[in-house]
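A short write-up of the structure that comes next.
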Amino acid sequence: MPEIVIRPAEEADAPAMLALYAPYVEQTTVSSEYEAPSLEEFLHRLRSYTEQMPWLLCEIGGELAGYGYASPHRSRAGYQWSAETSIYVAPSFHRHGVARALYSALFELLTAQGYYNIFVGITSPNERSIKFHSAMGFVISGSYQDSMFKFGLWRDVIWMAKSLRPHDTEPSPTVPFPQLRDTPVCARILSTAAGYIHLAQRGER
C-alpha cells in the first residue's frame, strides 16, 4: 500500500501544486481565472494565506494527489469568523476520497481555530460538485446570477455554506494556523483524515 500523507503545504510544494491547478484554470470553469498564475504569484498566495489559514496537500506514494486551502470570506472585521475553501484533486486520483479527506481536515482545523462558517462558490452547472458538497454538510445559501463570464458564456455561481459550531455566543478571536500547525491536535486531525482515502480501485493494495 502506498504511503498516504496529508500535511501542511510548504513553499517547496508550490511548483507541483501550481501544475495541478493550471489545467483547472485553462480547461474548466471551476476557477474564475483566465490564465494560470505565475509561480511567483502562487507563492505569494501561499505565503499570505498561511499566515492565518491552513493550506493542506495530500501525497500518495510521494505523488501529489490534491490540495485544499482556506481563505478569508471577506476582509472586513465582522466577517473574520467565516472562511472560504477550495479543493483541487489530480485527475488520476478522482473518486478515491481525496477531496473528502482534505475537507475533513480543513473542517476540524478551522473549528479548532475558532471559525464558525465555511462558504464555497460553485460555478453552475456543476451538479457533481453540488452533490459532493451536500454530502459534506453544505447547504445552498444563494447564487450570484450571471456573475462570471468565461469561455464565451455568462455563468451563475452557486454559494453553499457549512456551519462549524452553534452561533449562540459572542466569538473569541481566531487562532492563526501557525500556532496550531505543529501541535499534537493538528497531527491527529491530519492522520485521521488520511484514513478516509481508499486506493483499491487503482489496483493498489
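In plain terms, the two heavy atoms of H94 and Y24 that are nearest each other are NE2-OH, 3.5 Å. The two residues E63 and S92 come nearest to each other via the heavy atoms OE2-OG, 4.0 Å. Listed here is the closest heavy atom pair of I197 and G97: CG1-O, 3.8 Å. Nearest heavy atom pair, residue S31 against residue V25, reads OG-CG2, 3.7 Å. Of all heavy-atom pairs between A14 and L39, the closest is CB-CD1, 3.9 Å. Scanning all heavy atoms of the two residues, the minimum distance from L102 to G68 falls at CD1-N, 4.0 Å.
In this structure the side chain of L18 never reaches within 4.5 angstrom of the side chain of L43, judged on heavy atoms. Between P171 and Y115 the shortest side-chain heavy-atom distance does not fall below 4.5 Å. Considering only heavy atoms from C-beta on, P8 comes within 4.5 Å of L190 through its side chain. At a threshold of 4.5 Å between non-hydrogen side-chain atoms, the residues P176 and Q113 do not count as touching. Using a 4.5 Å heavy-atom cutoff, the side chains of T50 and P178 are not in contact.
With hydrogens and angles ignored, the 3.5 Å screen pairs a side-chain donor or acceptor of T183 with a backbone N or O of L180. Listed for the W81 side chain is a donor-acceptor partner under 3.5 Å among the backbone atoms of S172.
Donor-acceptor pairing under 3.5 Å is lacking for the side chains of Q80 and T174.
A single hydrophobic cluster is seen to contain both F107 and F132, as judged by linkage of ILVMFWY side chains at heavy-atom distances under 4.5 Å, directly or through other members. In this structure, L106 is not a member of the same hydrophobic cluster as V175, with clusters built from ILVMFWY side-chain heavy atoms closer than 4.5 Å. Note on I140: it clusters hydrophobically with L164, by side-chain heavy-atom contacts below 4.5 Å among ILVMFWY residues. A continuous path of ILVMFWY side-chain contacts below 4.5 Å connects V30 to F42, so both sit in one hydrophobic cluster.
Under the side-chain hydrogen bond (donor to acceptor under 3.5 Å, both in side chains) criterion, E41 pairs with R45, not counting sequence neighbours. Judged as a side chain to side chain contact (heavy atoms under 4.5 Å, CB included), and not counting sequence neighbours, the contacts of S134 are I130, M160. Applying the side-chain hydrogen bond (donor to acceptor under 3.5 Å, both in side chains) criterion to R7, with sequence neighbours excluded, gives D13, E59. Applying the side chain to side chain contact (heavy atoms under 4.5 Å, CB included) test to A22 and every residue at least two apart in sequence or in another chain returns E26, A36. By the side chain to side chain contact (heavy atoms under 4.5 Å, CB included) test, A65 is found to be paired with C58, I60, F93, V98, residues two or more places apart in sequence or in another chain being considered. Applying the side-chain hydrogen bond (donor to acceptor under 3.5 Å, both in side chains) rule to S104 yields no partners; only residues at least two apart in sequence or on another chain are considered.
Here the straight-line distance linking atom CZ of R100 with atom CE of M136 works out to 6.5 Å at 0.5 Å rounding. Atom-to-atom distance recorded for L46:CG and W55:CH2 is 5.0 Å, nearest 0.5 angstrom.
Within the structure, side-chain hydrogen bond (donor to acceptor under 3.5 Å, both in side chains) pairs that include any residue of residues 138-165 comprise R74-Y144 (at least two apart or interchain). Note on residues 64-73: pairs passing side-chain hydrogen bond (donor to acceptor under 3.5 Å, both in side chains), not counting sequence neighbours, are H73-E84. Applying the ring-ring contact (aromatic ring centres under 6.0 Å, His included) definition to pairs two or more places apart or across chains, those involving residues 162-196 are Y116-H167. Residue pairs meeting the salt bridge (charged side-chain N to carboxylate O under 4.0 Å, His left out) criterion with at least one member in residues 174-188, sequence neighbours excluded, are E10-R181, E108-R188.
More than 12 heavy-atom neighbours from other residues, nucleotides or ligands sit within 6.0 angstrom of CZ on F149.
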Side-chain donor/acceptor pairs under 3.5 Å, residues 118-129, sequence neighbours excluded:
from : atom 1 : to   : atom 2 : distance (Å)
T123 : OG1    : T29  : O      : 2.8
N126 : OD1    : S129 : N      : 3.0
S129 : OG     : H133 : ND1    : 3.2

